[in-house]
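As structure tokens, the structure follows; a few thoughts come after it.
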Amino acid sequence: MSDSPRKTVLTAAQPTGILTIGNYLGAIKHWAKLVDEYECLFPLVDMHAITVPYVPAELRQRTRSLVAQYIACGLDPEKCNLFIQSHVTGHAELAWVLGCLTPLGELQRMTQFKDKTAKGSPINSGLFFYPVLMAADILLYNADLVPVGEDQKQHLELARNVAERFNSNYSETFKIPEPKIAATAARVLSLQDPAKKMSKSDENQGATILLNDSPDVIDKKISRAVTDSGSEVKAGSDKPGVTNLLSIMCGFSGRSIEELQSEFFGVGYGDFKKRVAEVVIEGLRPIREKFESVNDDKAYLDGVLKEGEEVAQKKAYKILSKVHRKVGFVERFR
Ligand code: AMP
Ligand code: TRP
């Protein structure tokens with residue numbers, strides 16, 4: 001991956017557990033389509049993951065496992081850069097400089113921080129600073145495009161603001177990153193409470209389908225999914241449970257809601273759910289198989305991460321040197 005005129009895409013997820021079909025259908029499946037057209041960087045943001053209580057050994061294991069999950073979902077390391085955030089020291093270094101350009105008030109306005117604070121558990125200042133680290137992730141590689149979901153838009157706006165502020169204080173340095181929203185991305189909802197999104201950190205295991213769930217487990221989870229009153233298989237705001245199952249089926253089959261509605265006209269919820277489960281099981285089969293084989297191959301994963309680190313480090317160093325010069329640091333001797 002040499003210097004190319006292709007635009008750069010960067011996005012990330014935290015290594016906080018096995019990915020759900022929500023992560024896959026709403027994000028990673030779409031990231032995988034970008035690798036031919038763009039220079040793609042997908043850091044595994046382990047430094048973000050320590051902003052909330054966690055278990056060190058689990059973090060290490062989850063970070064490695066996330067690389068294997070990415071590869072299983074189609075992020076081909078020959079075509080994109082998979083690396084660990086903490087391996088490239090520039091993320092923390094740039095975050096410090098950007099933090100010194102970020103007014104306190106801007107961080108206090110972040111709704112995700114406010115939501116987490118409102119829950120009442122103790123908060124560390126890393127969580128408060130989190131959006132600045134995210135801005136550093138993006139700006140360290142001068143990313144043009146950042147695929148993000150709705151919940152990360154405010155953080156991206158902060159990254160854009162801080163880039164603009166740096167450029168106007170110290171002269172043009174950073175590109176202003178744009179959000180990239182996949183028009184076809186599904187928002188997958190909890191199987192147990194379709195008022196909220198399916199999340200890998202949900203304590204209710206019945207609410208999520210994980211990429212490595214076995215066929216039996218998938219079948220059970222879908223058969224127990226909350227459905228709505230009435231008996232028609234039809235999408236609509238009065239039928240969030242059924243709509244969610246239809247949209248999951250669309251995501252895996254590539255068929256439209258309309259097509260599926262006519263296929264299931266007159267079919268009861270029970271039989272409908274059986275079909276949804278079959279489609280999900282078939283859709284996840286190659287992913288689960290690839291995950292299991294890659295996850296066991298430590299040498300291969302190490303190789304991917306080492307190569308990823310080297311490439312990212314080189315790119316990061318170029319920008320960081322420029323930043324250090326502009327802010328008035330004395331040039332390093334090595
Ligand atoms: P997270 O699991 O919150 O770290 O999110 C990683 C990526 O997956 C982000 O781009 C999210 O927008 C996306 N994502 C997470 N959960 C869902 C969901 N239930 N439906 C659609 N996209 C999701
Ligand atoms: N904050 C993002 C999330 O929790 C993860 C993230 C970290 C990220 N750095 C990023 C996303 C840079 C996009 C770009 O989902």
Side-chain angles (χ1 to χ4, degrees), residues 8-32 34 40-52 62-63 66 69-70 73 75 81 83-86 88 90-92 94-95 98 110-113 115-116 126-127 129-160 162-163 177-182 184-202 207-211 240 243-245 247-248 250-252 312:
T8 297
V9 164
L10 182 142
T11 190
Q14 296 188 43
T16 43
I18 298 282
L19 297 168
T20 70
I21 57 169
N23 296 122
Y24 176 65
L25 297 177
I28 296 157
K29 184 176 139 186
H30 304 279
W31 303 353
L34 303 173
C40 290
L41 296 140
F42 302 114
L44 294 109
V45 290
D46 53 350
M47 289 159 67
H48 279 102
I50 66 167
T51 56
V52 289
R62 286 174 172 178
T63 306
L66 185 56
Q69 292 171 59
Y70 275 176
C73 288
L75 299 183
N81 193 354
F83 65 101
I84 297 178
Q85 183 189 34
S86 64
V88 180
H91 292 254
L94 181 59
L98 300 180
M110 294 292 116
T111 52
Q112 207 172 64
F113 177 73
D115 289 349
K116 289 195 173 156
L127 188 69
F129 205 63
Y130 170 132
V132 179
L133 180 60
M134 177 164 159
D137 297 340
I138 298 167
L139 302 181
L140 192 56
Y141 305 97
N142 249 331
D144 299 276
L145 298 168
V146 184
V148 278
E150 221 31 64
D151 58 335
Q152 295 299 320
K153 271 198 181 157
Q154 198 188 24
H155 291 159
L156 185 62
E157 200 50 44
L158 183 131
R160 289 166 54 87
V162 75
E178 298 283 340
K180 182 168 174 59
I181 313 285
T184 53
R187 188 165 184 271
V188 180
L189 305 173
S190 155
L191 298 181
Q192 290 301 317
D193 175 8
K196 58 182 196 185
K197 78 170 193 177
M198 184 181 284
S199 162
K200 53 180 152 39
S201 52
D202 200 317
T208 57
I209 295 177
L210 306 180
L211 292 189
T243 307
N244 190 35
L245 293 176
S247 108
I248 290 172
C250 288
F252 279 106

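In what follows, residues are counted from 1 in the order of the sequence shown. Heavy atoms only: backbone and side chains are in, while hydrogens, waters and symmetry mates are out. All ligand and atom numbering here is 1-based and tracks the order in the structure.
- Considering only non-hydrogen protein atoms, atom 9 (N) of ligand 2 sits nearest to Asp137 OD2, 2.6 Å.
- With ligand atoms numbered from 1 in the order given, ligand 1 contributes 1 (P), 2 (O), 4 (O) to contacts under 4.0 Å with heavy atoms of Lys200.
- Here the straight-line distance linking atom NE2 of His91 with atom OH of Tyr141 works out to 3.0 Å at 0.5 Å rounding.
- Panel note: side chain Gln85, backbone Pro43; no donor-acceptor pair is recorded below 3.5 Å.
- Expressed to the nearest 0.5 Å, how far CD1 of Ile181 lies from NZ of Lys153 amounts to 4.5 Å.
- Atom numbering of ligand 1 starts at 1 in the shown order; those under 4.0 Å from a heavy atom of Ala13 are 6 (C).
- Atoms of ligand 1 found under 4.0 Å from any heavy atom of Ala27 (numbered from 1 in listed order, with element): 7 (C), 8 (O), 10 (O), 13 (C).
- If you number the atoms of ligand 2 from 1 as listed, the ones under 4.0 Å from a heavy atom of Val45 come out as 7 (C), 9 (N).
- Near His48, meaning under 4.0 Å from one of its heavy atoms, ligand 2 places the atoms 7 (C), 9 (N).
- For ligand 1, the atoms lying closer than 4.0 Å to a non-hydrogen atom of Gly149 are 12 (O).
- Proximity to Leu10 (heavy-atom distance under 4.0 Å) selects the following atoms of ligand 2: 12 (C), 14 (C).
- For atom 6 (C) of ligand 2, the closest heavy atom belonging to the protein is Ala12 CB, 3.8 Å.
- A heavy-atom distance below 4.5 Å is found between the side chains of Ile248 and Ile21.
- Atom CG of Leu66 is separated from atom CD1 of Ile28 by 7.0 Å, given to the nearest 0.5 angstrom.
- The shortest N or O to N or O distance between Gly26 and ligand 1 is not below 3.5 Å.
- Counting heavy atoms from C-beta outward, Val162 and Val132 have side chains that stay 4.5 Å or more apart.
- Contact annotation: for Gln152 versus ligand 1, there are no heavy atoms closer than 4.0 Å.
- When hydrogens are left out, the protein atom nearest atom 22 (N) of ligand 1 is Gly22 O, 3.2 Å; that is the closest non-hydrogen contact.
- Shortest contact from atom 10 (C) of ligand 2 to any protein heavy atom: Met134 CG, 3.5 Å.
- Residue-to-ligand polar distances place Tyr130 within reach of ligand 2: an N/O pair is separated by less than 3.5 Å.
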Apply side chain to side chain contact (heavy atoms under 4.5 Å, CB included) to residues Asp202 and Lys196 and explain how you reach the verdict.
CA-CA 10 Å; Asp202 200 317; Lys196 58 182 196 185; 3.6 Å; yes
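- Remark: ligand 2 atoms within the under-4.0 Å shell around heavy atoms of Gln14 are 4 (O).
- Residue-to-ligand polar distances keep Arg187 apart from ligand 1: every N/O pair is separated by 3.5 Å or more.
- In terms of modelled atom types and a separation under 3.5 Å, the side chain of Ser190 and the main chain of Gln192 share a donor-acceptor contact.
- In this structure, Gln69 contributes its side chain and Leu211 its backbone to no donor-acceptor pair below 3.5 Å.
- Checked by distance only, ligand 2 and His155 stay at 3.5 Å or farther apart across all their nitrogen or oxygen atoms.
- A donor-acceptor pair under 3.5 Å links the side-chain atoms of Asn244 to the main chain of Leu189, judged by distance alone.
- Judged by distance alone, the side chain of Arg62 and the main-chain N or O of Pro15 form no donor-acceptor pair under 3.5 Å.
- The part of Val146 lying near ligand 2 is the side chain, judged by heavy-atom distances below 4.0 Å.
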Determine, stepwise, if the pair Glu150 / Arg187 fulfils side chain to side chain contact (heavy atoms under 4.5 Å, CB included).
CA-CA 10 Å; Glu150 221 31 64; Arg187 188 165 184 271; 5.9 Å; no
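- Closest protein heavy atom to atom 15 (O) of ligand 2: Gln152 NE2, 3.5 Å.
- For atom 2 (O) of ligand 1, the nearest non-hydrogen atom from the set Ile28, Val188, Asn23 belongs to Asn23.
- A donor-acceptor contact shorter than 3.5 Å links the side chain of Lys29 to the backbone of Gly251.
- Under 4.0 angstrom from ligand 2, the non-hydrogen atoms of Ile138 all belong to its side chain.
- Numbered from 1 in the order shown, with element, the atoms of ligand 1 that lie under 4.0 Å from a heavy atom of Lys197 read 15 (C), 16 (N), 19 (N).
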